Enquirer: 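My questions will all concern the structure given below.
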Amino acid sequence: VGPVPGKSIEIHIRNNGNLADVASVKAGGFRHPVTEESLKLKEDERGNSRSDCHMHMRGLDMMNFVLNDAAKLIAETINEHGGVEAFDLFALHQPNEMIIKSLATCLSIPMEKIPLCVNGYGNISSASIPLALSKRLYGKDLASGCKVLMAGYGGGASWGTAVTDVSAAKFYPVKEM
């Protein structure tokens, strides 16, 4: 990723520390360094085993966070650019298909403008945005321009949008291993 003459990237980033425990890793880092105890697997009330070094998420709270906080920023970004029609593509982080389809409905974005790649891959964290772009744009002629709104949301209750024209970008095929 680097500068392209005549092109820019507009970025909006937000965070709500009060919601940090909606999706977080309890151990690791300076506040709670990794210890032998934090590495031990513990079974939760649903029978899932994880350690304090794994991501812990409250699913319903995360869904509410995405459909409220993240959706509001995405809507603001869309409106700043003149509406959904101003964009060729919406590359959204894809934790699951239900969240993507709910966001599309809530924001009146046609699903044709959202590359859906969560099926077959699952939640692959921050890699879902470049995966969606590569799956949709590899081999396409982008000479006439391709304005994309990218949006991510998740751990620590952080979220953001980025808008750019990706017509100068080179997309490669997804290599599955």
Side-chain angles (χ1 to χ4, degrees), residues 1-16 19 22-23 55 57-176:
V1 176
V4 176
K7 304 284 182 193
S8 63
I9 298 176
E10 170 190 311
I11 298 173
H12 301 274
I13 300 173
R14 306 241 170 102
N15 183 273
N16 184 343
L19 298 175
V22 168
M55 177 67 78
M57 183 170 22
R58 297 194 323 259
L60 187 56
D61 291 334
M62 176 55 75
M63 177 100 169
N64 288 330
F65 159 69
V66 171
L67 295 177
N68 290 301
D69 298 295
K72 182 179 177 191
L73 177 60
I74 296 168
E76 289 170 7
T77 306
I78 289 169
N79 291 335
E80 285 174 9
H81 289 266
V84 170
E85 314 74 40
F87 296 94
D88 298 297
L89 202 63
F90 293 84
L92 309 176
H93 166 54
Q94 302 191 12
N96 63 54
E97 188 172 350
M98 183 177 69
I99 285 181
I100 296 303
K101 288 184 173 179
S102 297
L103 270 174
T105 299
C106 153
L107 297 166
S108 300
I109 301 171
M111 280 304 296
E112 302 79 52
K113 287 192 169 200
I114 302 174
L116 193 60
C117 62
V118 69
N119 296 328
Y121 295 96
N123 183 347
I124 58 170
S125 191
S126 58
S128 66
I129 294 171
L131 175 65
L133 290 170
S134 289
K135 292 282 260 180
R136 177 64 65 90
L137 299 176
Y138 170 68
K140 301 283 192 253
D141 178 11
L142 305 176
S144 61
C146 185
K147 187 173 180 178
V148 177
L149 186 152
M150 296 168 271
Y153 27 83
S158 55
W159 65 104
T161 60
V163 174
T164 193
D165 182 322
V166 296
S167 57
K170 181 165 175 115
F171 293 94
Y172 294 92
V174 173
K175 185 170 184 172
E176 296 183 19

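Residue numbers count from 1 along this sequence. All figures in this text were calculated on a predicted structure; none of them were measured in a lab.
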Enquirer: With E10, which residues qualify under salt bridge (Lys or Arg N to Asp or Glu O under 4.0 Å), at least two apart?
Expert: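 Salt bridge (Lys or Arg N to Asp or Glu O under 4.0 Å) list for E10, sorted by chain: empty.
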Enquirer: Shortest non-hydrogen contact from F87 to I78?
Expert: CE1-CA, 3.9 Å
Enquirer: Could you tell me if the side chain of L89 sits less than 4.5 Å from the side chain of P115, heavy atoms only?
Expert: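 In short, these two side chains touch, coming nearer than 4.5 Å.
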Enquirer: K147: what forms a salt bridge (Lys or Arg N to Asp or Glu O under 4.0 Å) with it, not counting sequence neighbours?
Expert: none
Enquirer: Testing the basics here: between V84 and S108, what is the closest heavy-atom pair and its distance to 0.1 Å?
Expert: CG2-O, 3.7 Å
Enquirer: Could you work out, with salt bridge (Lys or Arg N to Asp or Glu O under 4.0 Å) as the rule, every residue matching E97, not counting sequence neighbours?
Expert: K101
Enquirer: Do I100 and L116 touch side chain to side chain, with heavy atoms closer than 4.5 Å?
Expert: yes
Enquirer: With sequence neighbours left out, what residues match K7 under salt bridge (Lys or Arg N to Asp or Glu O under 4.0 Å)?
Expert: D165
Enquirer: How would you list, by chain and number, every residue that makes a side-chain contact (heavy atoms from CB on, under 4.5 Å) with S102, sequence neighbours excluded?
Expert: M63, L67, M98
Enquirer: Tell me whether H93 contacts the main-chain N or O of S125 through its side chain, where contact means a donor paired with an acceptor under 3.5 Å.
Expert: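 Such a contact is found between H93 side chain and S125 backbone.
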Enquirer: With heavy-atom distances below 4.5 Å as the criterion, would you say the side chains of F65 and N16 are in contact?
Expert: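 The answer is no; the side chains never approach within 4.5 Å.
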Enquirer: What pairs of residues pass the salt bridge (Lys or Arg N to Asp or Glu O under 4.0 Å) test when at least one of them lies in residues 74-94, not counting sequence neighbours?
Expert: R14-E76
